[in-house]
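I have placed the structure first, in the form of structure tokens, so that the comments after it can refer back to it.
All ligand and atom numbering here is 1-based and tracks the order in the structure. All of these numbers come straight from a predicted model, not from anything done at the bench.
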Amino acid sequence: MDKIRVKNCKVIKLPIIQDGKDGCLSVAESFHNIPFKIKRVYYIYNINNKNAIRGMHAHKKLQQVIFCINGSFFLRLNDGTKKQDIILDEPNIGIYIGVELWHTMKRFSEDCILLVFASDFYDESDYIRNYSQFIKYLEHKNDFI
Ligand code: T46
């Protein structure tokens, strides 16, 4: 995977415990390899539409780490200045998506399963779902500091 160039983002590599013919085991732990306390876990699966596009938003405060634990998908990240495209296709390699990072997921393989660890409970008011509002938010967020 290329070096990460967008802000508030990094690659997270979980250890793989090899059990030989009996499979592999990877472990995610808060503050160890996941850089926050995990308060929510969700997963996305059965993406039967090959043109599916998910994401297309940024979060104000939420931090997340996203894994593709089966199959593959394409992740586009945009910090308002720089953009980066990443293919996730290894179950132990995830992407930390910090605050204020516009992210879009597409090109899901039929067998794709996404697993996401999140730093907080679901809160729709934390989402910025309109791209021009995202750019305005970045421009004006420090106005009152
Ligand atoms: C993100 C990317 C990677 C809930 O009710 N609770 C939840 O915890 C979540 C995650 C979603 N929802 C509801 C909200 C929507 O009515 O499920 C529906 C689908 O959510 P959304 O359109 O936000 O799904 P994605 O795949 O576009 O985004 C999700 C996360 O919502 C988001 O935080 O960063 O995965």
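- A side-chain donor-acceptor contact under 3.5 Å links Glu124 and Tyr122.
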Identify all N/O pairs between ligand 1 and the protein with a separation under 3.5 Å and present them as a table of atom names and distances.
{"residue": "ligand 1", "atom": "8 (O)", "partner": "Arg40", "partner atom": "NH1", "Å": "2.5"}
{"residue": "ligand 1", "atom": "23 (O)", "partner": "Arg129", "partner atom": "NH1", "Å": "3.4"}
{"residue": "ligand 1", "atom": "23 (O)", "partner": "Arg129", "partner atom": "NH2", "Å": "2.9"}
{"residue": "ligand 1", "atom": "24 (O)", "partner": "Arg54", "partner atom": "NH2", "Å": "3.2"}
{"residue": "ligand 1", "atom": "26 (O)", "partner": "Arg54", "partner atom": "NE", "Å": "2.6"}
{"residue": "ligand 1", "atom": "26 (O)", "partner": "Arg54", "partner atom": "NH2", "Å": "3.2"}
{"residue": "ligand 1", "atom": "27 (O)", "partner": "Gly55", "partner atom": "N", "Å": "2.7"}
{"residue": "ligand 1", "atom": "31 (O)", "partner": "Tyr127", "partner atom": "OH", "Å": "2.6"}
{"residue": "ligand 1", "atom": "33 (O)", "partner": "Tyr42", "partner atom": "OH", "Å": "3.4"}
{"residue": "ligand 1", "atom": "33 (O)", "partner": "His59", "partner atom": "NE2", "Å": "2.7"}
{"residue": "ligand 1", "atom": "33 (O)", "partner": "Tyr127", "partner atom": "OH", "Å": "3.0"}
{"residue": "ligand 1", "atom": "34 (O)", "partner": "His57", "partner atom": "NE2", "Å": "3.1"}
{"residue": "ligand 1", "atom": "34 (O)", "partner": "His59", "partner atom": "NE2", "Å": "3.4"}
{"residue": "ligand 1", "atom": "34 (O)", "partner": "Gln64", "partner atom": "NE2", "Å": "2.6"}
{"residue": "ligand 1", "atom": "34 (O)", "partner": "His103", "partner atom": "NE2", "Å": "2.6"}
{"residue": "ligand 1", "atom": "35 (O)", "partner": "Tyr42", "partner atom": "OH", "Å": "3.2"}

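- Legend: residues meeting side chain to side chain donor-acceptor pair (under 3.5 Å) with Tyr45, ordered by chain and number and at least two apart, are absent.
- Under the 4.0 Å criterion applied to side-chain N and carboxylate O atoms, Asp126 and Lys61 are not assigned as salt-bridge partners.
- Taking the six-membered ring where tryptophan is involved, the planes of His57 and His59 are perpendicular, since the angle between them exceeds 60° and thus also 30°.
- A salt bridge links Lys141 with Glu100: the distance from a Lys NZ or Arg NE/NH1/NH2 to an Asp or Glu carboxylate oxygen falls below 4.0 Å.
- Using a 30° and 60° split on the angle between ring planes, Phe73 and Phe108 fall in the parallel class, below 30°.
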